[in-house]
Amino acid sequence: VCSSDLKIMAKGSSSYLAPDTYHSMSPSDEELIFLHCMLRSSNLDKTMSFFQALGLKETRRKDSEKGKFTLVFMATSPGAPEIEITYNWGDEEEVFAPPSRSMGHLAFATADIYTLCKELQEKGITILRPPRDGRMAFVKSPDGISVELLQKGEALAPAEPWQSMENTDRKSTRLNS
């Protein structure tokens, strides 16, 4: 995909769309548009706080009295791909299943991985796989969704305390150490 194609694809994505998303799209438009990635939440406030700590902002919300659920869409900026956080009302054990290993992870690029990881730690978020290489780190949402953080451009020079820090949860990052 060349950079001009990426500009065209970005124009059609997420927050650019009307709140009713696919209902407002013309079937004659043959472009395939990525809408969002849905994640279930056992605690909407905690999940939103986690993604806000990463820099995402709420783009829209829908509460369904009939369906007994809340959908919250979040993105890094207007027009960026969204995540859809689905919170089902009721007893947590009735409405929430732990994440499957099939989910994999979400990934975000940052201008300074060391600064972001420090800010996340200050907000009480555990860095599971520290950015020892100046390139990559992993954290988890309150609902167990793995989130990969990648340094934009070239890797930063290895630095402390990250360089000597061990993984906190080896199972969650075994393929990425």
Side-chain angles (χ1 to χ4, degrees), residues 1-3 5-7 9-10 13-16 34-61 71-87 92 96-177:
V1 176
C2 71
S3 61
D5 291 338
L6 290 176
K7 289 177 188 171
M9 287 190 287
S13 63
S14 70
S15 301
Y16 171 81
F34 176 80
L35 297 176
H36 59 263
C37 175
M38 187 276 268
L39 308 172
R40 294 194 189 281
S41 172
S42 61
N43 182 311
L44 186 58
D45 292 335
K46 282 184 180 179
T47 301
M48 288 184 64
S49 292
F50 172 81
F51 285 106
Q52 287 166 343
L54 289 174
L56 278 72
K57 296 170 183 59
E58 183 175 330
T59 57
R60 54 197 165 103
R61 175 185 293 244
L71 304 179
V72 176
F73 293 83
M74 298 181 80
T76 54
S77 62
E82 293 174 314
I83 59 169
E84 171 193 320
I85 301 169
T86 299
Y87 175 72
E92 178 180 324
F96 185 78
S100 162
R101 284 291 300 154
S102 298
M103 166 55 197
H105 64 268
L106 301 175
F108 296 93
T110 181
D112 186 331
I113 197 163
Y114 295 146
T115 299
L116 177 58
C117 286
K118 182 177 184 232
E119 290 170 356
L120 293 174
Q121 279 185 321
E122 290 169 356
K123 293 176 181 174
I125 296 170
T126 302
I127 308 301
L128 300 175
R129 193 273 191 200
R132 289 183 292 276
D133 56 2
R135 160 73 56 206
M136 177 179 59
F138 271 85
V139 295
K140 266 192 185 174
S141 78
D143 299 302
I145 303 296
S146 291
V147 177
E148 181 180 21
L149 307 172
L150 294 166
Q151 175 64 39
K152 289 180 181 176
E154 297 298 317
L156 301 180
E160 294 299 337
W162 314 110
Q163 188 173 9
S164 59
M165 195 178 288
E166 292 294 320
N167 288 357
T168 302
D169 181 354
R170 187 77 180 151
K171 289 186 294 187
S172 69
T173 58
R174 69 175 177 264
L175 299 175
N176 299 297
S177 28

Does Arg132 reach the main-chain N or O of Pro158 with its side chain, forming a donor-acceptor pair under 3.5 Å? no
Quick one: are Glu148 and Arg129 in side-chain contact, heavy atoms under 4.5 Å? no
To the nearest 0.5 Å, atom CZ of Arg61 lies from atom CE of Met48 at 5.0 Å
Discussion item. With a sphere of 6.0 Å drawn around CD of Glu166, does it hold more than 12 non-hydrogen atoms of other residues, nucleotides or ligands?
Written reply: no
Practice task
Could you give me the CA-CA distance, side-chain angles and deciding distance for Phe51 and Ile85, then say whether side chain to side chain contact (heavy atoms under 4.5 Å, CB included) is met?
Solution key: CA-CA 10 Å; Phe51 285 106; Ile85 301 169; 4.1 Å; yes
To the nearest 0.5 Å, atom CZ of Phe138 lies from atom OG1 of Thr168 at 13.5 Å
| said: Would the distance check show the side chain of Gln151 and the main-chain N or O of Ala111 forming a donor-acceptor pair, the cut-off being under 3.5 Å? | reply: yes
When rounded to the nearest 0.5 Å, the distance separating NZ of Lys140 from OG1 of Thr126 is 11.0 Å
What verdict does the side chain to side chain contact (heavy atoms under 4.5 Å, CB included) test give for Phe50 and Val147, after you've listed the backbone C-alpha separation in whole Å, the side-chain angles of each residue and the deciding distance to 0.1 Å?
CA-CA 11 Å; Phe50 172 81; Val147 177; 3.8 Å; yes
CD1 (Ile113) and CG (Asp133) are apart, to the nearest 0.5 Å, by 7.5 Å
message = Are there over 12 heavy-atom neighbours, none belonging to Glu122, within less than 6.0 Å of that residue's CD?
response = yes
In this structure, OG1 of Thr86 is separated from CG of Leu39 (nearest 0.5 Å) by 8.0 Å
Quick one, Pro130 and Asn167 - any side-chain contact, counting heavy atoms below 4.5 Å? yes
Interatomic distance, CD@Gln121 vs NZ@Lys118, rounded to 0.5 Å, equals 9.5 Å
*Can Ile127 and Trp162 be said to form a side chain to side chain contact (heavy atoms under 4.5 Å, CB included), step by step?*
CA-CA 10 Å; Ile127 308 301; Trp162 314 110; 4.2 Å; yes
Full working for side chain to side chain contact (heavy atoms under 4.5 Å, CB included) between Leu120 and Leu149:
CA-CA 11 Å; Leu120 293 174; Leu149 307 172; 3.7 Å; yes
| field | Contact check, side chains of Asp143 and Arg40, non-hydrogen atoms, under 4.5 Å | value | no
Review point. Going by an N to O cut-off under 4.0 Å, is there a salt bridge joining Lys123 and Glu119?
Key: no
